[in-house]
Amino acid sequence: MNEVYFNDGVGRRADVAKCTMRIGAEISDIKLSADLPDRTIAAINELVLEHKVVFFRDQGHLDDAEQERFALRFGKLSPYPEGSMPIFDIDSAGGDIQADVWHIDWSCMDAYPKISVLRGVVIPPVGGDTVWSNTAAAYLDLPLPLQRLADDLWAVHSFPGDHYKRPHADALAGQRIETEHPVVRVHPETGERTLVLGSYVARFVDFSIYDSRRLFDLFEAHITAQENTVRWKWRQGDVAIWDNRATMHCATKDYGDQRRVVRRATIEGEVPVSIDGRHSVARFKFVGRDES
């Protein structure tokens, strides 16, 4: 346990313990609520910026409505593309839509979410962990020639596509979103350089699909290196909050036929800016009407 503390507004102090040296911290002895003082919300936000993802055990008092109210303390809710609810259920009974795939939440959007708030609702007795990676640390670990290459690269992020085969692509049939993002963005709050990749990437701008795949695998290997990651073993009622601008994450599908349900709220983010000051560009957005 380190020596970082902050007051939860009712006289108790919450302890903050690092999970690994590079990413993740568990905050104990605090009851999350939309009614927490401003200074406590600000302290949680600072810890998210510092540790990239923070975890809270024993938050079973939260329901969907209270999770939404709490998430609103960090900014405007960012619903998933067109018409979806602010709280998004990820339910393995309908196909675990984010399993075994490294991604940034909805990076196909130009201003993709800045923060995600995830709550464990139904947790299998074995398996179902989530792994996060620190994309700022991954950038710093790149050899200088690879950093320079990444600084100049732009990638097309799209939904859906052949590279993106997940069950909820069918549920959102008729929607198409495509954005060009810099592979390296400047974090608007910390000034860090972070890598912007993940499963929405279709190709790199001015590169063939063949070359794009090999470059993608090279950079992705650095992002997902074990020293840059933290793995969380969920319990029912746990809450994770992460900086979606400085992390990628992956849910593991290792729990057989057991059910797993988590619910996520996302906070509206900013349009990424490259190291030379250029903004991401939304190239295509089509939302078809569901005629079913």
Side-chain angles (χ1 to χ4, degrees), residues 19-20 23-24 26 52-57 59-60 64 67 80-81 84-85 87-108 112-113 115-135 138 157-173 175 195-202 213 216-217 219-244 247-266:
C19 298
T20 76
I23 181 172
E26 182 175 350
K52 313 310 180 194
V53 56
V54 296
F55 306 103
F56 303 82
R57 296 283 192 194
Q59 304 298 317
D64 286 3
Q67 181 182 358
Y80 287 79
S84 46
M85 299 298 290
I87 301 292
F88 187 79
D89 283 12
I90 303 169
D91 188 342
S92 63
D96 198 339
I97 64 177
Q98 301 285 9
D100 293 329
V101 181
W102 284 97
H103 63 285
I104 297 169
D105 282 342
W106 288 105
S107 66
C108 58
Y112 59 82
I115 288 175
S116 293
V117 181
L118 191 67
R119 175 168 58 98
V121 179
V122 178
I123 304 301
V126 177
D129 302 348
T130 305
V131 186
W132 282 264
S133 175
N134 182 337
T135 61
H157 294 237
S158 65
F159 173 87
D162 290 340
H163 61 292
Y164 189 86
K165 294 183 181 296
R166 295 184 190 161
H168 73 311
D170 292 335
L172 295 172
Q175 302 196 21
L195 294 168
V196 185
L197 288 169
S199 63
Y200 288 96
V201 173
R213 175 49 57 187
F216 178 89
D217 290 344
F219 286 116
E220 194 100 334
H222 283 274
I223 292 172
T224 61
Q226 287 190 1
E227 60 268 25
N228 293 325
T229 65
V230 62
R231 186 181 186 107
W232 185 250
K233 294 187 178 297
W234 288 94
R235 301 177 195 160
Q236 185 174 335
D238 286 357
V239 171
I241 306 175
W242 67 92
D243 186 341
N244 198 47
T247 59
M248 293 202 325
H249 61 282
C250 175
T252 55
K253 184 68 168 70
D254 58 353
Y255 43 91
D257 295 330
Q258 299 295 312
R259 192 179 182 198
R260 179 183 185 271
V261 182
V262 291
R263 293 196 175 106
R264 179 168 55 203
T266 55

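Just so you know, these numbers use all the heavy atoms, side chains as well, and skip hydrogens, waters and symmetry mates.
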Side chain proximity check, [X] to [Y], heavy atoms < 4.5 angstrom:
{"X": "Val126", "Y": "Gln258", "answer": "no"}
{"X": "Asp243", "Y": "Val53", "answer": "no"}
{"X": "Asn244", "Y": "Thr266", "answer": "no"}
{"X": "Asn228", "Y": "Ile23", "answer": "no"}
{"X": "His157", "Y": "Val196", "answer": "yes"}
{"X": "Lys233", "Y": "Asp238", "answer": "no"}
{"X": "Arg119", "Y": "Gln59", "answer": "no"}

Nearest non-hydrogen partners of Ile123 and Val261, listed with the distance:
CD1-O, 4.4 Å

For Gly127 and Asp254 the tightest heavy-atom approach is CA-OD1, 3.2 Å

Centre-to-centre under 6.0 Å for Tyr255 and Trp234, is that the case here?
no

Taken in chain and number order and not counting sequence neighbours, the residues that satisfy salt bridge (charged side-chain N to carboxylate O under 4.0 Å, His left out) with Asp217 are Arg213

Check against side-chain contact (heavy atoms from CB on, under 4.5 Å), Thr224 and Trp102:
CA-CA 8 Å; Thr224 61; Trp102 284 97; 3.4 Å; yes

If you measure only the distance, is there a donor-acceptor pair under 3.5 Å linking the side chains of Asp105 and Ser116?
yes

Exactly one of Val101, Thr135, Asn134 clears side chain to side chain contact (heavy atoms under 4.5 Å, CB included) with Met248, and that residue is Thr135

Parallel, tilted or perpendicular for Phe55 and Trp132, by the 30°/60° rule?
perpendicular

Can you list the residues that meet the ring-ring contact (aromatic ring centres under 6.0 Å, His included) rule with Tyr112, with sequence neighbours excluded?
His181

Dump the intermediate steps for side-chain contact (heavy atoms from CB on, under 4.5 Å) on Thr20 and Glu227, then the final yes or no.
CA-CA 8 Å; Thr20 76; Glu227 60 268 25; over 6 Å; no

Does a salt bridge link Arg231 with Asp129, judged by any charged N lying under 4.0 Å from a carboxylate O?
yes

